[in-house]
Number of protein chains: 2
Amino acid sequence: MNETSGIAAAQPTERIPAAERREQILAAASVVFGERGYSGATTDQVARAAGISQPYVVRMFGTKENLFLEVVARALERLVAGFRQVLAEPREHGDDERELLIARLGAAYVDLIEDRGILLSLMQAFLSGHNPVVGAKARAGFLEIYRMLRDEAGFPPDTIRGFLADGMLFNTLLAIRLPDIFDEDPDAEELMRCTFRGKLDLVLGATAAEAAKHA
Amino acid sequence: MNETSGIAAAQPTERIPAAERREQILAAASVVFGERGYSGATTDQVARAAGISQPYVVRMFGTKENLFLEVVARALERLVAGFRQVLAEPREHGDDERELLIARLGAAYVDLIEDRGILLSLMQAFLSGHNPVVGAKARAGFLEIYRMLRDEAGFPPDTIRGFLADGMLFNTLLAIRLPDIFDEDPDAEELMRCTFRGKLDLVLGATAAEAAKHA
DNA sequence: CTGTTTTGTAATCATTCAATTACAACATTC
DNA sequence: GAATGTTGTAATTGAATGATTACAAAACAG
């Protein structure tokens, strides 16, 4: 029935290059830190989620804090990179140029935060304003987005505010898992629909897919 | 120089009615939980902030978790109550009726989140979507606000979305302490100004007052 | 005054968890 | 095929912390 010993035989854990393991750990840590917060997450939870042992996680990143910092830095980098990519695309000039750009940037954002790890890691970063390192990263990241919208996208202040504000509302409604209670309270879906409008199907498709994956 | 003993003399800690102590602890806990999160905060930190001993905090609320739940529930209640109060005020009918109501509700919200404990406790609640109890409270609270704006204020969907979105952006910019770097990066103030517009002085006055209080 | 309730703390316990140590197995190089 | 480096774990430890216990002193009731 099993090999060599009579014990559970905990599969001999495939050897994988450190660089690749690193990515696995970061992906797992993003989810775990996102859901439980820096203090609420344990290195053991991250290790299990990544399919390795706790000491390996610690050795790979030195400390739990370093791991968290890297998770946050990655999330912010991906956010900035996502916007930069959209802004680098060619755009035709016309009446609806701005509307189109907003739609593309919005889609890129929703695409990013469909990854619940990214979404929650970003929000954890926003809630770490008191932490010198994470707080500074969060402020710098937010200001970089602001400058991109102002200088590269050429948006006027009200457009910028509206765009950023919508994004923060997206964050919140997804973080509190509003879609979870669609069948208990129809207002939940109404609020989601009024918030995400056309993007709702995109969002719901992603959360449904994720739920199916876990089942 | 000091009384009785040669030791620091830790003042005999005034006896205060339990009900009043309870409020002190909740106020302290709001700040501590807000800054450090549920897991990051210790009952000892709350106790020190409230000026009492750690066992007393635990005995008053049974468990750390109960204390956190009550802090979150209070924050959500104050939010709902604040809006309900504005909506109960008499309003004259006119072209700018809606604008005026938005302004009043917005002012009430900014007034509320000037209390950093409330602001951060609310955000912690939003980030606790995975926790059955806190998550349910957060969802219910958000939906109640939505219904108030839809049914009592009579706002159309886009107005509701805009209002809620602005609120979430307020939250974020205050949480990351953007005003802290006004003199390092002028864009920080620009972003705050474009977000809060008229309300900025209100916000800055409050944070400045709070900073002075701590100094 | 005497007894009881309320308000509070000091000391301690049991658990959790990040970090360290020591070691093992595989891979690569020479 | 030894020597070296890489990838991994089991076992342990030391510190932190929520909770409990035992006790003290103030307030109050009769």
Side-chain angles (χ1 to χ4, degrees), chain A residues 3-29 32-33 35-72 124 131 133-134, chain B residues 3-5 7-29 32-33 35-72 131 133-134:
Chain A
E3 60 266 83
T4 62
S5 97
I7 301 298
Q11 77 272 17
T13 316
E14 202 183 352
R15 274 174 65 105
I16 290 181
E20 196 176 330
R21 254 328 170 202
R22 213 184 150 77
E23 298 304 317
Q24 292 178 348
I25 297 174
L26 282 166
V32 176
F33 279 130
E35 293 283 353
R36 339 270 295 211
Y38 168 70
S39 306
T42 72
T43 53
D44 190 59
Q45 287 165 345
V46 173
R48 286 171 194 277
I52 56 173
S53 69
Q54 182 260 343
Y56 199 10
V57 171
V58 174
R59 209 183 43 189
M60 184 83 84
F61 291 89
T63 65
K64 177 185 172 183
E65 189 179 3
N66 280 344
L67 174 56
F68 180 68
L69 293 180
E70 184 135 355
V71 165
V72 167
Q124 295 287 356
N131 177 313
V133 181
V134 181
Chain B
E3 62 264 82
T4 61
S5 96
I7 303 296
Q11 76 271 17
T13 315
E14 202 183 351
R15 272 173 67 106
I16 290 180
E20 195 175 332
R21 239 0 154 189
R22 213 184 149 77
E23 297 304 317
Q24 293 178 349
I25 296 175
L26 283 166
V32 176
F33 279 130
E35 295 282 353
R36 340 271 294 213
Y38 168 69
S39 306
T42 72
T43 53
D44 191 60
Q45 287 166 347
V46 172
R48 285 171 195 278
I52 57 174
S53 69
Q54 181 261 343
Y56 199 13
V57 170
V58 173
R59 209 182 43 187
M60 185 83 84
F61 290 88
T63 65
K64 177 185 169 182
E65 189 179 4
N66 280 344
L67 174 56
F68 180 67
L69 292 179
E70 184 137 355
V71 165
V72 167
N131 177 313
V133 182
V134 181

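Chain A is the first sequence line, chain B the second, and so forth, proteins listed ahead of strands; every chain is numbered from 1. Side chains included, hydrogens not; waters and symmetry mates left out as well; all remaining heavy atoms used. Only a predicted model underlies this, so the values are computations on that prediction, with no experimental measurement involved.
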For the pair made of CZ in A/Arg22 and C1' in D/dG8, what is the distance, rounded to whole Å?
-> 17 Å
Between A/Tyr56 and D/dT9, does any side-chain N or O lie under 4.0 Å from OP1 or OP2?
-> no
So which heavy atom on B/Arg22 is nearest to which on B/Glu70, and how close?
-> NH2-OE1, 3.0 Å
Taking the six-membered ring for Trp, are A/Phe33 and A/Tyr38 parallel (under 30°), tilted (30 to 60°) or perpendicular (over 60°)?
-> parallel
On a heavy-atom basis, the closest approach of A/Gln124 and A/Arg36 is NE2-C, 4.5 Å
Rounded distance (Å) that lies between atom P of C/dT7 and atom CD1 of B/Ile25 = 11 Å
Contact pattern, 5' to 3', of nucleotides 24-30 of chain D - B, S or - by protein heavy atom under 4.0 Å = -BBS---
Using atom CG of A/Asp44 as one end and atom P of D/dG8 as the other, report the distance to the nearest whole Å.
-> 17 Å
How is A/Thr42 classified with respect to the nucleic acid when contacts are heavy atoms under 4.0 Å: base, sugar-phosphate, or nothing?
-> sugar-phosphate
By nearest nucleotide on DNA chain C, pick out whichever of B/Pro17 and B/Pro55 is the more 5' one.
-> B/Pro17
So, is B/Thr43 near the phosphate of D/dG18, with a side-chain N or O under 4.0 Å from OP1 or OP2?
-> yes
Do the side chain of B/Arg59 and the base of C/dG8 come within less than 3.5 angstrom through a donor-acceptor pair of N or O atoms?
-> yes
Taking atom C1' of C/dA19 as reference, at what distance in whole Å does atom CZ of A/Phe61 sit?
-> 16 Å
Of the non-hydrogen atoms in A/Asn131 and A/Val133, which two are nearest, and what is the gap between them?
-> OD1-N, 2.8 Å
Counting any heavy atom closer than 4.0 Å, what does B/Ala19 reach on the DNA or RNA strands: base, sugar-phosphate only, or nothing?
-> nothing
Round to the nearest Å and state the distance from B/Met60 atom CE to D/dG18 atom C1'.
-> 17 Å
For B/Ala41, answer base if it contacts any base atom (sugar-phosphate contacts may also be present), sugar-phosphate if it contacts only those atoms, and nothing otherwise; contact means non-hydrogen atoms under 4.0 Å.
-> sugar-phosphate
Residues within residues 62-71 of chain A bordering DNA chain C, heavy-atom distance below 4.0 Å | A/Thr63, A/Lys64
Kindly say whether A/Thr42 contributes a backbone atom to a donor-acceptor pair with the side chain of A/Gln45 at under 3.5 angstrom?
-> yes
Roughly, in whole Å, what's the span from CZ in B/Arg48 to C1' in D/dG18?
-> 15 Å
For the pair A/Leu69 and A/Phe61, evaluate side-chain contact (heavy atoms from CB on, under 4.5 Å) and give the outcome as yes or no after the intermediate values.
-> CA-CA 10 Å; A/Leu69 293 180; A/Phe61 291 89; over 6 Å; no
Here the side chain to side chain donor-acceptor pair (under 3.5 Å) pairs for residues 49-62 of chain B, sequence neighbours left out, are B/Thr43-B/Gln54
For B/Ala50, enumerate each residue passing the side chain to side chain contact (heavy atoms under 4.5 Å, CB included) test, keeping only those at least two apart in sequence or located in another chain.
-> B/Ile25, B/Ala28, B/Ile52
Specify the separation, in whole Å, of atom CD of B/Gln45 and atom P of D/dA16.
-> 12 Å
Can you list the residues that meet the salt bridge (Lys or Arg N to Asp or Glu O under 4.0 Å) rule with B/Glu65, with sequence neighbours excluded?
-> none
What is the bend of the helix from C/dC1-D/dG30 to C/dC30-D/dG1 when you compare the axis at one end with the axis at the other, using five pairs each and rounding to 10°?
-> 0°
Whole angstrom is fine here: how far is it from CD in A/Glu20 over to P in D/dT6?
-> 17 Å
Hits for side chain to side chain contact (heavy atoms under 4.5 Å, CB included) against A/Arg48, two or more places apart or cross-chain, chain-then-number order -> A/Asp44
Check every atom of C/dA18, D/dT9, D/dA19 against the side chain of A/Gln54 and return the nucleotide holding the closest atom.
-> C/dA18
Between the CZ atom in B/Arg15 and the CZ atom in B/Arg21, the distance rounded to the nearest 0.5 Å is 10.5 Å
Sequence-distant partners of B/Ser39, side chain to side chain contact (heavy atoms under 4.5 Å, CB included), two or more places apart | A/Ser39
